[in-house]
Amino acid sequence: MLIYGFQSILSWVQLGLGVYAAVMLIDAAVRREDAYRAANKQTKGMWLVFLAIATALLFILPVMSFLPIIGIIAVIVYTVDVRPALREVAGGSGRWRGGSSSDGPYGPYNGGR
């Protein structure tokens with residue numbers, strides 16, 4: 001009984017990771033090619049291949065095997081390294097608007113100068 005519950009939890013985790021990998025694949029596909037070069041990252045085609053393989057592995061193989069774990073690592077690298085660099089290059093660094101972290105409600109804060 002406990003093993004079936006654990007397998008059920010793992011199947012939901014695998015489904016969630018697969019959907020997240022597919023979302024990151026779509027995110028990589030809609031980014032501009034020159035943004036990858038400007039951010040000094042691998043090419044757009046290479047990231048599309050990495051993320052497509054990771055998505056396929058997460059939907060086909062069990063999550064506790066070796067290859068899907070490598071796919072998860074590729075998705076994590078894209079999420080925490082490549083995607084923020086692409087956002088910064090494209091000008092979308094702010095959450096809802098393109099401001100910096102020192103912007104206040106009335107404009108940039110210049111340290112009291």
| query | Can any side-chain N or O of Gln14 pair as donor or acceptor with the backbone N or O of Leu61 at less than 3.5 Å? | reply | yes
| Checking Glu33 side chain against Thr43 main chain: does a donor-acceptor pair fall under 3.5 Å? | no
Decide whether [X] and [Y] are clustered together by the hydrophobic rule: side chain heavy atoms of Ile, Leu, Val, Met, Phe, Trp, Tyr closer than 4.5 Å, transitively.
X	Y	answer
Leu48	Ile73	yes
Leu86	Val77	yes
Met64	Ile9	yes
Val19	Trp12	yes
Ile70	Phe50	no

[X] versus [Y], closest heavy-atom pair with distance:
X	Y	result
Ser11	Ser8	OG-O, 2.7 Å
Trp47	Lys41	NE1-CB, 4.5 Å
Ala38	Val89	CB-CG1, 3.6 Å
Ala28	Tyr36	O-OH, 3.0 Å
Met24	Leu51	O-CD1, 3.6 Å
Ala22	Thr55	N-OG1, 3.6 Å

| field | Qualifying residue, where the test is side-chain contact (heavy atoms from CB on, under 4.5 Å) with Tyr20 and the options are Leu15, Val75, Ile76 | value | Val75
| Test applied, side-chain contact (heavy atoms from CB on, under 4.5 Å); reference residue, Pro68; option that passes from Leu58, Ile60, Leu17 | Leu58
| message | Quick one, Arg31 with Arg87, criterion side chain to side chain contact (heavy atoms under 4.5 Å, CB included). Give me CA distance, side-chain angles, the key distance, then yes/no. | response | CA-CA 9 Å; Arg31 302 285 179 178; Arg87 283 178 141 180; 3.8 Å; yes
| remark: Distance col, row Leu25:CG vs Ile53:CD1, nearest 0.5 angstrom, shows 11.0 Å
| request: Evaluate side chain to side chain contact (heavy atoms under 4.5 Å, CB included) for Thr79 paired with Asp27, printing each intermediate quantity in order. | output: CA-CA 10 Å; Thr79 302; Asp27 181 72; over 6 Å; no
